[in-house]
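Both backbone and side-chain heavy atoms feed into the values below; hydrogens, waters and symmetry mates do not. Model, not experiment: these values are computed from the prediction.
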Amino acid sequence: MLTPVAILPVAAPWLDLVGLSVFAASGALAAAKRGQTMVTLTFFALVTGVGGGTVRDLLIDAPVFWVHDARAAAVCLGVAIVIWITPVRWWRDAALDWFDAVGLAAYAVYGAGKALKYGVPPIPAAVMGVVTACVGGIIRDVLAGEPSILMRPELYVTAAALASALHVAMVTMGVPPAMSAAVATLAGFTLRGAAIHWHLGLPAYRGLR
């Protein structure tokens with residue numbers, strides 16, 4: 001079993017809460033826009049918010065975070081309640097995309113930092129950051145019957161990979177984790193923001209033409 005490395009503190013806990021709340025909101029909104037019940041909103045908020053972190057913790061042999069920290073489930077429940085009592089027209093898709101960009105970058109950095117803390121080597125740790133940031137959204141899309149983010153050309157997973165890899169690289173080079181987390185989060189958010197603003201995407205496979 002991997003154990004936490006005492007000399008390598010995980011990225012700031014606020015990154016976890018930012019990512020958790022944003023992804024919980026996206027999950028609850030996916031249910032709200034389909035006219036679902038409060039129970040369904042809460043379920044979507046929870047599985048979207050904690051999905052990536054749960055898979056990460058299972059893979060790095062860490063205690064599943066939301067099982068041992070009541071704040072995670074409480075945040076998801078709180079977000080679901082807020083969305084339930086407000087009109088869906090308040091939650092514009094464009095605004096949610098920008099909030100999601102913040103959560104994506106923050107969660108990628110936090111996930112990579114936690115993996116490093118548990119002694120995971122740099123490259124797998126960077127992958128754990130991507131898993132943390134993206135798996136919840138994949139689960140949300142599957143449950144909602146939407147095309148998965150993995151099947152879209154837009155720069156989404158790429159932005160998470162940039163934030164995660166940059167954080168791992170900087171920490172490995174001796175940069176203080178707090179500074180590295182801030183820089184990597186900003187980089188991931190900037191790339192995702194550019195993709196939203198200019199509709200940037202990766203080229204599709206052309207071998208079938």
Side-chain angles (χ1 to χ4, degrees), residues 5 7-27 29 48-53 55-57 60 65 71-72 75-76 79 91-118 120-138 140 149-150 152-202:
V5 179
I7 61 172
L8 188 59
V10 72
W14 65 266
L15 291 174
D16 190 23
L17 295 179
V18 168
L20 183 67
S21 59
V22 171
F23 288 129
S26 71
L29 283 169
T48 307
V50 306
V55 173
R56 175 205 62 219
D57 287 348
I60 68 174
F65 73 105
R71 293 177 300 175
V75 166
C76 294
V79 168
W91 305 91
R92 299 181 182 274
D93 289 339
L96 185 61
D97 283 344
W98 286 99
F99 281 116
D100 183 74
V102 176
L104 179 77
Y107 232 17
V109 169
Y110 183 83
K114 183 169 185 178
L116 287 174
K117 181 184 177 184
Y118 272 78
V120 176
I123 293 178
V127 174
M128 289 301 102
V130 177
V131 167
T132 305
C134 298
V135 167
I138 294 171
R140 175 200 63 217
I149 56 174
L150 289 177
R152 302 178 213 157
E154 63 189 84
L155 294 179
Y156 190 90
V157 177
T158 307
L162 172 64
S164 178
L166 184 58
H167 179 60
V168 169
M170 292 178 69
V171 169
T172 302
M173 291 186 295
V175 177
M179 180 183 299
S180 172
V183 172
T185 300
L186 179 60
F189 170 77
T190 300
L191 180 58
R192 178 60 185 147
I196 294 171
H197 184 74
W198 287 295
H199 305 288
L200 302 178
L202 296 173

Closest non-hydrogen atom pair, [X] against [Y]:
X	Y	result
Ala184	Leu166	CA-CD2, 3.8 Å
Ala159	Leu191	CA-CD2, 3.8 Å
Val171	Ser180	CG2-OG, 3.7 Å
Gly188	Ala105	C-CB, 3.9 Å
Pro177	His167	O-CE1, 3.7 Å
Gly49	Tyr107	O-OH, 3.0 Å

- Distance in Å, Ile149 CD1 paired with Tyr156 OH, rounded so as to fall on 0.5 Å steps: 5.0 Å

With sequence neighbours left out, what residues match [X] under side-chain contact (heavy atoms from CB on, under 4.5 Å)?
X	result
Ala160	Leu104, Ala108, Ala133, Cys134
Ala125	Ala115, Leu116, Val120, Val168
Leu200	Leu155, Ala194, Ala195, Trp198

- Task: With Arg56 as the cation and Phe65 as the aromatic partner, state whether NZ or CZ is under 6.0 Å from the six-membered ring centre and within 45° of the axis.
- Result: yes

- Any Thr158 side-chain heavy atom under 4.5 Å of Leu162 side chain: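 When only atoms from C-beta onward are counted, Leu162 and Thr158 do not touch, as no gap falls below 4.5 Å.
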
- Item | salt bridge (charged side-chain N to carboxylate O under 4.0 Å, His left out) pairs, two or more places apart, involving residues 94-112 |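 Not a single pair qualifies under salt bridge (charged side-chain N to carboxylate O under 4.0 Å, His left out).
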
- Query: Please, which pairs that meet salt bridge (charged side-chain N to carboxylate O under 4.0 Å, His left out) have at least one residue in residues 180-198, sequence neighbours excluded?
  - Reply: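 Sorted pair list: Glu154-Arg192.
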
- Item | Donor-acceptor contact below 3.5 Å, side chain Thr132 vs main chain Gly53 |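 A pair under 3.5 Å: no.
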
For residues 19-27, run the donor-acceptor check on the side chains, cut-off 3.5 Å, and write out each pair with its distance to 0.1 Å, sequence neighbours left out.
unit_1, atom_1, unit_2, atom_2, d
Ser21, OG, Leu17, O, 3.0
Ser21, OG, Val18, O, 3.0
Ser26, OG, Phe23, O, 2.8
Ser26, OG, Arg140, NH1, 2.8

